[in-house]
Amino acid sequence: MPDLYQELSKLADSDMYPFHMPGHKRNVESTPMKGAFRCDITEIDDFDNLHDAKGILLDAQQRANKIYGADETFFLINGSTCGVLSALSAAVTEGGTVVASRGSHRSFYNAVYLRHLNVRFLPYKQDTKYGIPETYTANDIEEMISDEVEAVFITSPTYEGKCSDIREIADLCHKNGIPLIVDAAHGAHFGLESPCDEDISLEFNSLPESAIKQGADLVIHSLHKTLPSMTQTALLHVQGNLVDRKKLKRFLSIYQTSSPSYVLMASMDLCIKEMEDKGNDYVKRLLNYRNRIQQSTSGCKYFEVPGVKEIPDAAKVMIYVKNAFMTGQELYDILREEYKLQLEMAGDKYVLAIISGWDSKEGIERLIAAINSIDKRVEEKASALNREGKTKLTENSCADERVRITPIPEKAMAMNTAWDSELESIELKAAYGRISGGFINLYPPGIPLILPGERFSEGLIEDIAKYLENGLNIQGVVNRKEVLCVRQK
Ligand SMILES: Cc1ncc(COP(=O)(O)O)c(C=O)c1O
């Protein structure tokens, strides 16, 4: 059997193009660190200590801090995951209450479990056209804030590239004397110098403002998702005085490894230096690629690439299937199998590509050519069917309302009590009224339909059964028919 390295080498030598993270795109030209093993050490003499940085690592973290402009910035070598855990643990007391969106990443739920937090969930809003999570306004949040609430936790940008107005949410939080935590794992490129050069008329002429500039107290960035830095590398930024820095550092030491990889940290430092010295070029390339894709696919009849109004993050290229002739998964498979283009993910009616300033022109042109060629193929097929009078392609259905709000199940027990209870697997159809012992998620977008401690309602059971019947990707249903419940005494 081939080992992992052999498999990775095979992929690297193949013609498969990476339209997915990390931001360096396996492009060796993006780094001078071609022989990583030469640098693979952990804390030895002269190399400082991540958990109490005073020398070379403090300098590197300060360099990162300078380009983002928070009060303090910390390197994370366990990804944004440990940033989310540390931020929530420091900002909310054990057993305390936090307002959050249902679409939060798994690390948020793990923090809730570990710190026994009480969550006041914002109504789960979904854009009905594309079927992706919507953003939040200060109005949505205002009514959820009361004396017990110790922090607000928002994901912006979302995985798909939508952005909440962080400034107005931060203002609201600060009026109430509580910190705003922004999971901006997908937004490390935001706020870097945006070159609105000659062609300001182009659709994507800048990147959205960073959550730090907009006043969030704690911001988490995965460098590896959209910038040229190795997988697992991320940053946690803090500003203002609403979060106890000593506590934050304590939790970082708890959740981060005691053997931080210097290869990863050097990769972060190089990424930051590149953004410091040539960030403009990086952003310019990204915006140019994005505009090129936008312009060169605008003639497609069967596909739509939503623009800056719908998806402001230039790094996220959604290819929406306008007609019901093809699912997102089918398009994803065609791009992968026939065009050797590996995309980030497939939704029900779309596929998502991540682009960066380190994509190659050739890669971008291959994506454009593939979309146009598939569009032409569909047109030929549609004309043939039409001539034979057989059928007409129908528009993908889109509900009348633009945003759908999904009810959140009733909480019957604390999440950690339920998760730690004795559990039993029971038939989904017999679960009415029972308390869930696990998560059930519908992918994409991966939002939990039910959490441990929440009660199964009749409506939810019907929905899950329907999703299963339609062959959708549901996680947390054993053998596609049983669910985990807290054992009844
Ligand atoms: C919104 C969000 N937050 C946090 C994370 C965790 O990031 P990391 O993989 O850097 O730990 C992810 C990962 O996909 C994410 O999508």
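For ligands, and for the atoms within them, numbers begin at 1 and follow the listed sequence.
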Between [X] and [Y], do the side chains contain an N or O donor and an N or O acceptor separated by less than 3.5 Å?
X	Y	answer
Ser80	Ser222	yes
His224	Ser229	no
Thr226	His189	yes

At what distance is the nearest protein heavy atom to [atom], and which residue and atom is it?
atom	answer
atom 9 (O) of ligand 1	Lys225 NZ, 3.3 Å
atom 15 (C) of ligand 1	His105 CD2, 3.5 Å
atom 2 (C) of ligand 1	Asp183 OD2, 3.4 Å
atom 11 (O) of ligand 1	Thr81 OG1, 2.6 Å
atom 8 (P) of ligand 1	Ser80 N, 3.4 Å

Arg120 with Glu148: basic N within carboxylate O range, under 4.0 Å =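 A salt bridge links Arg120 with Glu148.
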
Taking only heavy atoms of [X] into account, list the atoms of ligand 1 that are under 4.0 Å away from them.
X	result
Gly79	10 (O), 11 (O)
Ser222	7 (O), 8 (P), 10 (O)
Thr155	1 (C)
Ala185	2 (C), 3 (N), 4 (C)

So is His186 polar-close to ligand 1, meaning N/O to N/O under 3.5 Å?
->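 It does: an N or O of His186 is found under 3.5 Å from an N or O of ligand 1.
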
For the residue pair Tyr17 and Phe19, categorise the inter-ring angle as parallel (less than 30°), tilted (30 to 60°) or perpendicular (more than 60°).
->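 Tilted.
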
For the pair His221 and Tyr68, name the ring-plane relationship: parallel under 30°, tilted 30 to 60°, perpendicular over 60°.
->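 Correct class here is tilted.
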
Is the number of heavy atoms from other residues, nucleotides or ligands under 6.0 Å of Arg336 CZ greater than 12?
->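 It does not: Arg336 CZ has 12 such atoms or fewer within range.
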
Strictly under 4.0 Å, does any heavy atom of His224 approach an atom of ligand 1?
->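 His224: in contact with ligand 1 (<4.0 Å).
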
Check step by step if salt bridge (charged side-chain N to carboxylate O under 4.0 Å, His left out) holds for Lys162 and Asp313.
-> CA-CA 7 Å; Lys162 283 187 167 266; Asp313 178 2; over 6 Å; no

